[in-house]
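Because the structure is predicted, anything quoted here is derived from the model rather than measured. Naming: A, B, ... by sequence-line order, numbering from 1 per chain.
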Amino acid sequence: MLESNKESLKLEAMKRIVQLISKGKNASELFPAVVKNVASKNIELKKLVYVYLVRYAEEQQDLALLSISTFQRALKDPNQFIRASALRVLSSIRVPIIVPIMMLAIKEAATDLSPYVRKTSAHAIQKLYSLDPDQKEQLIEVIEKLLKDKSTLVAGSVVMAFEEVCPDRIDLIHKNYRKLCNLLVDVEEWGQVVIINMLTRYARTQFTTPWKEDAVFDENNEKAFYDSDSEKKKEQTETKAYIMDPDHRLLLRNTKPLLQSRNTAVVMAVAQLYWHLAPKHEVSIVTKSLVRLLRSHREVQFIVLQNIATMSIQRKGMFEPYMKSFYVRSTDATHIKTLKLEILTNLANEANISTILREFQTYVKSQDKAFAAATIQAIGRCATNISEVTDTCLNGLVLLLSNRDETVVAESVVVIKKLLQTQPTQHSDIIKHMAKLFDNITVPMARASILWLMGEYCERVPKIAPDLLRKMAKTFTVEEDIVKLQTVNLAAKLYLTNSKQTKLLTQYILNLGKYDQNYDIRDRTRFIRQLIVPNEKSGALSRYARRILLAAKPAPVLESAFKDRDRFQLGTLSHSLNVKASGYQELSDWPVVAPDPTVRNVEVIEPVKEWASSLGKTKQHKSDDKFYSDEEEKEEEGSDSSGSEDSSSSSSNEESGSESEEESNEESEKTSSDSGKSSSESERSSSESEAEREKKKIKPAVADSDSGESEARTSSSSAESSSESESDSENDSAPQKTDVKAKPKMEVKSKKEVSLLDLDDFSPAPTNTPKPSVISSSLLSDLEGLSLSNTSSTLQITTSSFGPVKTYELLHHMTGKGLSAKYHFPRQPCLYQPRMVAVQVMLTNSSDRSLEEIHIGDRSPASLNIHCFNTIERLEPGASVTVSMGVDFSDSTQAANFQLCTKEDQFSVSIQPAVGELLMPTTMTQPDFCKEQKKLLGMNETSATIAIATANTSSQTISKQVLSVANVGVVPSSNNFHRFAGHTVSSGAMVLVSLELKESSTALLTINTEKSVMASMLLRDLKQALTQA
Amino acid sequence: MIHSLFLINASGDIFLEKHWKSVVSRSVCDYFFEAQERATEPENVPPVISTPHHYLISVLRHRIYFVAVIQSEVPPLFVIEFLHRVVDTFQDYFGVCTEAAIKDNVVVVYELLEEMLDNGFPLATESNILKELIKPPTILRTMVNTITGSTNVGEQLPTGQLSVVPWRRTGVKYTNNEAYFDVVEEIDAIIDKSGSTITAEIQGVIDACVKLTGMPDLTLSFMNPRLLDDVSFHPCVRFKRWEAERILSFIPPDGNFRLLSYHVSSQNLVAIPVYVKHNITFREGSSQGRFDLTLGPKQTMGKAVESVLVSSQLPRGVLNANLNPSQGTYTFDPVTKLLTWDVGKINPQKLPSLKGTMNLQAGASKPDENPTINIQFKIQQMAISGLKVNRLDMYGEKYKPFKGIKYMTKAGKFQVRT
């Protein structure tokens, strides 16, 4: 039929052939006839021929070559899909002769305009590699090229190819790391899994461990597991506080939304990433998602439960709240039941053991006997782990001895044996009971256990043991091997303790054993005989026989079968099988010192390439500006190099950075206010993390920042020169000059956003958007000189005039016995937790003696979530220190009460937040604002008409007044409208403030937010601020 | 990644094989059969099996084992998830995923598998894209094809794969523009002997059927979004919007899809809509047991409990059951010992009950555990968690769509221990 002229007949024939293939039948003799049709016009026919070709080409290499020219032609086709499919089939034909052709095709396709074709070429790389590993070098070049690709379509496939071909070439990833992190959310789900796994390995080699601090806090988890380097860790903890690499943070943050994925593999991948990379206190966010996966198919449950089992050994707390999700249902498959049981056992502690045991009681009665037996073992484990319930468990198990089911009884015997070993005292009645049961038990393991128990504690049951031995002597020949061995043991032990009664019996048994079929038993018999029966040859050993046989044995430790699984990376095949699978790559330990983080800095994205690739160029560009002398530039270069060495966690570099900053500041203008070396270090990290947080918002601005840069420069130079700080590095890349420390990193990062603009969900506003986020500056002293990224003069004035921040009294020095404390809200995101409001507390010692151990004590309500500052060891008289802390006010103005303690005293203090401080500024454009506002009408709107004091009618003063009351962002608006946007810190609810100026100095003040209480309070505050002169 | 795929039916025949790399002999499945033999129940076959050269990862759906052959390290969930996606696709294409359906459409199956994986790495798994590539077989189309000789492979190559919204194809047109959303909640619960709840939780999904012209941009908001504790979205949902405003904003795929699945936070107490009074006893010595079961509604907010189905795995010793249902029908399978009682609707005035005796095997001892009772039910027009959709808005298109929303509560894994 294939020879026929009619397409439909050919198609029919091909379908039959495919049916044959699918059944695994050999259809290779049809090869020549089929290959002829490879150039067919009919797409379905063509596809079926492809299927055939890929299947049999390997066997019929010569004939397969006939088809190659067709594919070569198709590779040049204008239609991208035809190009792609040609490459796909070409690369799937496993014929070594065409390797050069494939190589050529791959190289060509890697530079194809269509991302789809490039994706296909990434797939082809793997195929070619498996066909001919000698091409590795060339393929790596292609991979390197494709890794730079910024299409989400390609990313997953190329990382897959990378993993297959050259997983150890981590250097290829450096420059693409940030791009991959940022693209991750948009990559198709299968690609996500691969990328996440790759990045996990990458991060483990590139960042220092975030677990150092935790090593001190929860040592019970940590020490055992990482004891090899725990000492090292401690040293490090002492020398410096851990500051997470911003890139590390970036990875964690960008993967978090993927926990919501519908693809279970993605969720699992993120979970393992958090498990292996995140600081201990952050890992628990994956719990909920993992528990959700348990609703999925049986097989998914199986894998997820395995992973949870491993996790729950180390960190009980993570899954404890979800304990009930692991309760067993009678419809679960047995292996699922056992896994759940395993997890429940791991989770058991003093508090929940009674619930768990009650649950276990139900399981023991289960019809599934294998499961019932597993439950008994689980009870045994609980009993040894939690000493309070050992007796209860033991009693329960003894009751089970009267169970009718043999497996249950046998299992109980074995478990009881183990339990008794842990506390052999006062349990002779149980041993007696078991001896009585002996006749009814037929399971060899259980019989052996009883015999062992008898032997071990034969002195406690002097009458029963010999009797048992007598019974055994009768049945010795028909017993199982393990029982025989134990019988021999029992005989030997009895012989030593009670030789009068048992001498003959022992000898009888030993004789039986001597001629046993099993060599193990013969061996043992011979050994025992030599050991215990005194004769001339044995000599020294037999004197110690008693000590050898009746030595106190250490109790067995009943531990989880998942104990050692943690050596494998979670979620991998190896972990699931508990065997190293082929191709498994070990997750490396954290490096002690982080490798140079600047390797990730160089950007390769085309539009900004020349700009970002070297800082020198940037400077050239900037040196157009007359403002800076050459000398200064040299200095910049000098400090630049120090910046590049900066490992971001090393404080010394930062110190030097700030020094060079000051130098250059002096150079430019003398007004430079000291950026406060003392506090700069902690601030810096906060601003860095903040910068990252803000990054998404920054996007629109960056696009025009480089075109409008010179303009921005002139207009804002006066403000800028005073004290440049990282506050502008966080908001924009353009005007960085004197600030060198964080520059290389920040600049690159924000530039990258340019290329991501098109992927943004929200259409980027074409207009220039000012950055109200600037207001959340990190350094107070910088507020004065804060410069803005754009030319809007209004805003500049706004910020520069937004001067003294209100400081509140926390503790008066009279009541505080010399210790006084003041606090203010620095209006920056809290670096400890995004839901907290950052509070800076200035502690001053106005007494004449030094105060020691200043720390935060009890808090009320107890649930209040405060991130305390580290204990201040010593505060000299007259000295003062500023510390920052975070308080989660949960969006209410309820005061946070806590105790401020010194070594001797405790003072109850409270922080009363103004409603405006519970907000964080939000960046948005006017259309966005209006859109948001429309969603918050009706109940969510509060408004009032107010009379504005005449002094306040200019737009600058209005902004100033509003900003002084509330930490919101300015939304650029037309003349008579003033708009401000923010969100609450704790719940992230949108708060929109708009002010419409009317004639005769009245204005309509409107606040839209879900939080109506906040709205009315904010309204009151704003009204007050605006009406007063 | 995935090397080969074998489909094995309940009787242990390999009825389909597909290889993406070089051919793996089907003898590799012998290891699978070994494992299958060791497991007593079909469900007990371990999903991951290790063999000397390969690893087998299997999934059991519709009594067919889908066995994937793996050669090197890969996240097992990756494979499992993919296999399930394959099954879902088959079901989507053929309506049912049975051995017969697969055998009848073996060519389509092959074409699908070819498109879904390239060199063992998933390529296109989005059903919208696949449907453009390969049209699902319908009776009408098969008829036309046989007459005209045309094919069921898409003439046009899909555009969706390239666009920013890969889940939606371009140029969708409908004369009636409609968008329906089904909020379906399932209660998972374990009730103990005395009727108190041991564990209960609510899981819900929102399934959508959207037939809208063009590129509509929808937003769906809830009255009480804070109920949703843990959510997972279809990739079309904009996560940032949800994070910030608790609003679902998305460009929907065309046709049926699962928009969202969620878990209701465990702080909220779960209202259990039915109660069971049971009295199942076996007397020592006699070969008879009593069976007495009564169902009743509670906390249903006035809605009727429908499609109630009670099933229970009776102990192995039970030979026969002689029962008398007050309504509905019951069956007892003496081989599997499965008792099912199709109750139908619960009438609160006249509670349904099932009473009678069970005959035990002569000489068999009294079973030590009473059977657990699994219950299925449905309650229309109610989401048990109290979740309510506030409004649905459409942007980006001019026309006015017809919108509909339906609530339903179902029993998930609802077990009563007796």
Exercise. Tell me, side chain or backbone of A/V300 under 4.5 Å from chain B's heavy atoms, or both, or neither?
Worked result: both

Exercise. Is it the backbone or the side chain of B/L16 that comes under 4.5 Å from a heavy atom of chain A, or both, or neither?
Worked result: both

For this session: Evaluate side-chain contact (heavy atoms from CB on, under 4.5 Å) for B/E111 paired with A/L48, printing each intermediate quantity in order.
Result: CA-CA 8 Å; B/E111 284 167 346; A/L48 295 178; 3.8 Å; yes

Seminar exercise, completed: Output for pair (B/D118 CG, A/S91 OG), nearest 0.5 Å, gives 6.5 Å

Seminar exercise, completed: When rounded to the nearest 0.5 Å, the distance separating CG of A/L573 from OG of B/S50 is 8.0 Å

For this session: Check whether the side chains of A/S22 and B/E17 place a donor and an acceptor atom closer than 3.5 Å, and report yes or no.
Result: no

For this session: Counting only heavy atoms closer than 4.5 Å, note whether B/V45 contacts chain A via side chain, backbone, both or neither.
Result: backbone

Seminar exercise, completed: Honestly, the part of A/R298 sitting under 4.5 Å from a heavy atom of chain B is side chain

For this session: For the residue pair B/F82 and A/W190, categorise the inter-ring angle as parallel (less than 30°), tilted (30 to 60°) or perpendicular (more than 60°).
Result: perpendicular

Exercise. Highest number of heavy-atom pairs under 4.5 Å with chain A: which of B/I198, B/N44, B/I80, B/I70?
Worked result: B/N44

Exercise. So do A/H297 and B/V59 actually touch side chain to side chain, heavy atoms under 4.5 Å?
Worked result: no

Problem set entry | Pairwise distance CG(A/L259) to CZ(B/F239) - rounded to 0.5 angstrom | 8.0 Å

Problem set entry | Pick from B/P46, B/S261, B/P235 with the largest number of heavy-atom pairs that fall under 4.5 Å of chain A | B/P235

Problem set entry | Heavy-atom side-chain proximity of B/E114 to A/R88 below 4.5 angstrom | yes

Problem set entry | A/N197 side chain near B/P75 side chain, heavy-atom distance below 4.5 Å | yes

Exercise. Side chain, backbone, both or neither: which part of A/Q272 has a heavy atom under 4.5 Å from chain B?
Worked result: neither

Seminar exercise, completed: Heaviest contributor of heavy-atom pairs below 4.5 Å to chain A, chosen from B/W242, B/F15, B/Y55, is B/Y55

Problem set entry | Proximal component of A/Q301, with respect to chain B [non-hydrogen, under 4.5 Å] | side chain

Exercise. Looking at B/E186, B/H53, B/K21, B/Q203, which one has more heavy-atom pairs under 4.5 Å with chain A than the rest?
Worked result: B/Q203

Problem set entry | Under 3.5 Å side-chain donor-acceptor pair for A/Q260 and B/S232 | no

Exercise. What distance do B/N119 atom CG and A/Y129 atom OH have between them, rounded to the nearest 0.5 Å?
Worked result: 13.5 Å

For this session: Can you tell which part of A/E163 gets under 4.5 Å to a heavy atom of chain B, answering side chain, backbone, both or neither?
Result: neither

Exercise. Considering only heavy atoms, which portion of A/V328 lies under 4.5 Å from any heavy atom of chain B: side chain, backbone, both, or neither?
Worked result: backbone

Seminar exercise, completed: When rounded to the nearest 0.5 Å, the distance separating CG of A/N263 from CD of B/E81 is 4.0 Å

Problem set entry | Option in A/R358, A/E189, A/Q126 with maximal non-hydrogen atom pairs under 4.5 Å from chain B | A/E189

Exercise. So, B/D230 and A/K288, do they make that salt bridge, N to O below 4.0 Å?
Worked result: no

Exercise. Just wondering, do B/I14 and A/K23 contact through their side chains at under 4.5 Å, heavy atoms?
Worked result: no

Seminar exercise, completed: Under 4.5 Å to a heavy atom of chain A? For B/R85 that would be side chain

For this session: For the residue pair A/H335 and B/P47, establish whether any side-chain heavy-atom pair is separated by less than 4.5 Å.
Result: yes

Exercise. Relative to chain A, which of B/D188, B/I49, B/T219, B/I57 shows the most heavy atom pairs under 4.5 Å?
Worked result: B/D188

Exercise. Among A/R55, A/R295, A/M268, which has the most heavy-atom pairs under 4.5 Å with chain B?
Worked result: A/R295

Seminar exercise, completed: Whatever's closer than 4.5 Å to a heavy atom in chain B on A/Q569 counts as neither

For this session: Report the option among A/E188, A/E164, A/R292 that has the most heavy-atom pairs separated by less than 4.5 Å from atoms of chain B.
Result: A/R292

For this session: Using a strict 4.0 Å threshold on nitrogen-to-oxygen distance, state whether B/E115 and A/K47 make a salt bridge.
Result: yes

Exercise. Looking at B/T199, B/N374, B/V106, which one has more heavy-atom pairs under 4.5 Å with chain A than the rest?
Worked result: B/T199

Exercise. What part of B/L7 is in contact with chain A, defined as an atom under 4.5 angstrom from a non-hydrogen atom: side chain, backbone, both or neither?
Worked result: neither

For this session: Can you tell which part of A/M160 gets under 4.5 Å to a heavy atom of chain B, answering side chain, backbone, both or neither?
Result: side chain

For this session: Select one option (side chain, backbone, both, neither) describing which atoms of B/S25 are under 4.5 Å from chain A's heavy atoms.
Result: neither

For this session: Determine whether A/R262 and B/F233 make a side-chain contact, defined as any pair of heavy atoms from C-beta on separated by less than 4.5 Å.
Result: no

Exercise. Under a 4.0 Å N-O cut-off, is there an ion pair linking B/R61 with A/E299?
Worked result: no

Exercise. Heavy atoms, side chains only, cut-off 4.5 Å: are A/T331 and B/Q415 in contact?
Worked result: yes

For this session: Determine, for A/K256 against B/E243, whether the closest basic-nitrogen to carboxylate-oxygen distance falls under 4.0 angstrom.
Result: no

Problem set entry | Toward chain B, the part of A/S574 with a non-hydrogen atom under 4.5 Å | both

Exercise. Does B/E201 use its side chain to pair, donor to acceptor, with the backbone of A/S325 at less than 3.5 Å?
Worked result: no

Seminar exercise, completed: Bottom line for A/V267: the part with an atom under 4.5 Å from chain B's heavy atoms is neither

Exercise. Chain A heavy atoms under 4.5 Å from B/Y110: which part of the residue, side chain, backbone, both or neither?
Worked result: side chain

Exercise. Quick one: what part of A/T355 sits under 4.5 Å from any heavy atom of chain B, side chain, backbone, both or neither?
Worked result: neither

Seminar exercise, completed: NZ of A/K127 to CZ of B/F121, rounded to nearest 0.5 Å, is 12.5 Å

Problem set entry | chain A contact via B/L83 - which portion, at a heavy-atom distance below 4.5 Å | neither

